[in-house]
Amino acid sequence: MAEPKVNELMEKIVSLCKRRGFIYQSSEIYGGINGFWDYGPLGAELKRNVKDAWWRTMVHHRDDVVGLEATIIMHPQIWRASGHVDTFADMMRECPMTKKRVRADQVEPQSGIAYTFLGAIYNVNMSAALEALDEYVNEYPLTSKSALNKTVLNHRIYDLLKRDFPELRRDELVTEAACLTDVLQREIHIEAFEILLPRGKPPESAQLAAQHYYSVRMGTPTLPKVIGGASAKVEASTDYHPESGVRLGPPRPFNLMLQTWVGPIQSDENVAYLRPETAQAIFAQFKNVLETSRQKVPFGIAQVGKAFRNEVTPRNFTFRSREFEQMELEFFIKPDEAVEAISGSVTPAAELDSRPSPLDTSSWGWEAWHKYWVEQRIQFYESIGLPRKDFVEYWQKPDELAHYARATVDILYKFPFSKRDEKGELMGEELEGIAARSDFDLSQHARFSGKPMGVFDEDLRTAWGKLDDAKKQTLWQRYYENRKRYLTKTARPDETPEKIEKAAKEDADGLAKGQYIPHVIEPSAGVDRLILALLCNAYTEVRTPDDKGKAETRVVMKFHPRIAPNKVGVFPLLKNKPELVKKAQEVRDLLRPHLTVFYDDAGAIGRRYARQDEAGTPFGVTIDFDTLGEKPELLDTVTLRERDTMQQTRVRIADLAAMLLEKVR
RNA sequence: GCGGGCGUAGCUCAAUGGUAGAGUUCCAGUCUUCCAAACUGGCCACGCGGGUUCGAUUCCCGUCGCCCGCUCCA
């Protein structure tokens, strides 16, 4: 029942975004381009504030995270190592009749009788031509791939014409035969069509389906005559569409990577990809950052930037766009075996309280760090005004995990367009994924680039020497098993089990010498999705009766002051009094170095408040005649109006900047 | 990509095979006082392309975009 309202709400938000200059459609004057969006003046400020807040929280306020800004286009090998070129290319098969697509590996097996048609003829009623075609088909059975051999057919028709019309001259026969061949070529459509019918269904329905299929393909208004119709029993085949029964087309890669060419020549050799995520650059530059930042594991590398995916269906306003921005952290940690060697044991994640604090993290394994980052991220969202109750923390089930992940938590936000569960609760859409990716990524890049990605850990080497032999053996064995599992899973054909075993042993021996490939926890958030969540969360309708008692709906964007595009509006009560305007401009100039200020002197004061409410400006400052000293005790004071409560307080201009800064921090 | 619906000022909604209209927003002005006040004046539209027609915003075709389903994810 709430369904239509939900869409209404989303439409109102979209409309406000455009009206007030938060978000516009990209290239709108040319009709727009699907899946691309621009941020207007208010949107650009909002987005900057959000990214700044993230950067401050993740990088500036910590000792153990540093930043990186990498290019969007990188060496194409990166995307082979990461698996994107392959895994982003699901094999899809298409039903040629309904154009519905299915994943090639997820077709339900079908049984029944398959009817195979070879093509269709439309409108030809020249006996010689048709007879020639029949003969031709008998001699060269048409298949899905064969085309009509025009020369052979032409000769056949010539012979038949000669038989039936002996009186014609040779040149007349040649012309006539050529003409008929042309007509036949034009009016015949050779294309295999196969449909699977459940046992017991009459063969006519197969024929009818074929006629409809060809009639659409040939663009003819009436049903054509079909060629072929042979039937065969089929058992448990995955080649037919479960709904239509039509034989599926060949599996085709369905690639979500956006491509370009580097250099002026567009050839296969210089294909490059626009990054589908910012993370891979962090892995690729891991060694450089490690060596130049004076960081030691555990530490993180953060990056904010654009990413691109050729989405099948961009939907839900900016939620799924083809060009979008990410805020990603790769937090590198020691493998659990190293933690155990150094600290004696690994703190079980369950023992950490609900808000782990990083006072002593030396005994934290990947589960503890994972839990820690999930909590950190939710606290961040709370700090910019999104209430915890609007989130769903979704722990992916083992069968949903990506091949590289040990655990992934999706932080879902309950958008108005989210689907509802059986109880009618919004299920939420993913804002951020926090994956424990083991040492997969660094290992992949080590293998693909041939450059070592391991680190040397002095603490580990020292600690290892003090372990008893049993402990050494246990840890060695566990590390060895993990490495072997990874190497087996990603093995190339030339990597035999013996080779893999040897490599895994070397890795485990390395651990004993203080060397390992760091594991990683990856909190990866979508900026544009977060902006959308903030817009949805801020959108509030306030119903107030106007002077004439008529109910009026005002929209207030209740952004957290920390991220609001404009922090304060400055208004002279009246525009036509130069002394008020002058004073208001002084206040504006006083505040401007500290905060984003919006100065507005147009229209009635109530209207200006309302305008700022829609823009989400948390505070308004109004300069009146008392400010100028009409009541001497109020000289140099202004009205400070709060957006959400509409409450007004009298404040000294001298106190204004400090007071507001306090509130927007 | 497929199927269904939609497309007229920034917004809400009219009318019409022959000059496209209102409210609101916006802009300018009048106003000594705080929540879209009043008054005066002003700007702005038939998504794009093609066809039928003397003439198309209207009829037809195509295209683009938006919304809803199928698919996917940060």
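Numbers restart at 1 for each chain; the letters A, B, ... are given by sequence-line order, proteins then strands. Remember, it's a predicted structure, so these values are computed and weren't measured experimentally.
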* Asked: What is the pairing partner of G41(B), taking Watson-Crick or G-U wobble pairs with both distances under 3.5 Å in any strand?
  -> C27(B)
* Mate of U19(B) where both pairing distances stay under 3.5 Å, Watson-Crick or G-U -> none
* Using a distance-only test with no angle check, is there a side-chain donor-acceptor pair under 3.5 angstrom linking Y273(A) and T260(A)? -> no
* Asked: Relative to each other, are the rings of F331(A) and W369(A) parallel, tilted or perpendicular (30° and 60° limits)?
  -> tilted
* **Opposite nucleotide pairing with G65(B), Watson-Crick or G-U, both atom distances under 3.5 Å** => C6(B)
* **For Y539(A), side-chain hydrogen bond (donor to acceptor under 3.5 Å, both in side chains) partners two or more places apart** => E541(A)
Could you list, one pair per line, each protein nitrogen or oxygen that sits under 3.5 Å from a nitrogen or oxygen of nucleotides 27-29 of chain B, together with the distance?
from: G29(B); atom 1: OP2; to: K575(A); atom 2: NZ; distance (Å): 2.8

* **Neighbours of RNA chain B within residues 576-588 of chain A, by heavy-atom distance under 4.0 Å** => N576(A), K577(A)
* **Counterpart residues, salt bridge (charged side-chain N to carboxylate O under 4.0 Å, His left out), relative to R19(A) (two or more places apart)** => E614(A)
* Any side-chain hydrogen bond (donor to acceptor under 3.5 Å, both in side chains) involving residues 405-414 of chain A? Give me the pairs, sequence neighbours left out, ordered by first then second residue. => Q396(A)-D410(A)
* Assigned partner base of A56(B), Watson-Crick or wobble definition, under 3.5 Å -> none
* List for me each residue that meets ring pair (Phe, Tyr, Trp, His ring centres under 6.0 Å) alongside F324(A), sequence neighbours excluded, and say none if there are none. => none
* Could you tell me which nucleotide pairs with G1(B) by Watson-Crick or G-U wobble geometry, both distances under 3.5 Å, or answer none if nothing does? => C70(B)
* **Touch class at under 4.0 angstrom, heavy-atom based, for S524(A) against every strand present** => sugar-phosphate
* 5' priority, RNA chain B, between W37(A) and V527(A) [closest heavy atom] -> W37(A)
* Please name all residues satisfying salt bridge (charged side-chain N to carboxylate O under 4.0 Å, His left out) with D613(A), sequence neighbours left out, ordered by chain then number. => R554(A), R641(A)
* Quick one: label T278(A) by what it contacts on the DNA or RNA (base, sugar-phosphate, nothing), any heavy atom closer than 4.0 Å. => nothing
* Nearest to the side chain of R607(A) - C34(B), C73(B), A36(B)? -> A36(B)
* To do: Flag as yes if Y609(A) stacks onto the base of A36(B) (centroids under 5.5 Å, planes under 30°), otherwise no.
  => no
* To do: Have a look at E323(A) and say if it touches a base, only the backbone sugar-phosphate, or nothing, with a 4.0 Å heavy-atom cut-off.
  => nothing
* Set of side-chain hydrogen bond (donor to acceptor under 3.5 Å, both in side chains) partners for K631(A), sequence neighbours left out -> none
Below 3.5 Å is the cut-off: list the nitrogen or oxygen pairs between protein and nucleotides 6-11 of chain B, distance only.
none

* Quick one: ring pair (Phe, Tyr, Trp, His ring centres under 6.0 Å) partners of H370(A), sequence neighbours excluded? -> W395(A)
* Asked: When all nucleic acid strands are considered with a 4.0 Å heavy-atom cut-off, which category describes L530(A): base, sugar-phosphate, or nothing?
  -> nothing
* State, to 0.1 Å, how close S524(A) and E328(A) come at their nearest heavy-atom pair, and which atoms those are. => OG-OE2, 2.7 Å
* **Those residues that, when tested against F319(A), pass ring pair (Phe, Tyr, Trp, His ring centres under 6.0 Å) (two or more places apart)** => F415(A), F417(A)
* **Residues forming a salt bridge (charged side-chain N to carboxylate O under 4.0 Å, His left out) with E586(A), sequence neighbours excluded** => K582(A), K583(A)
* Structure fact -> Under a 3.5 Å limit on both distances, the Watson-Crick or wobble mate of U32(B) is none
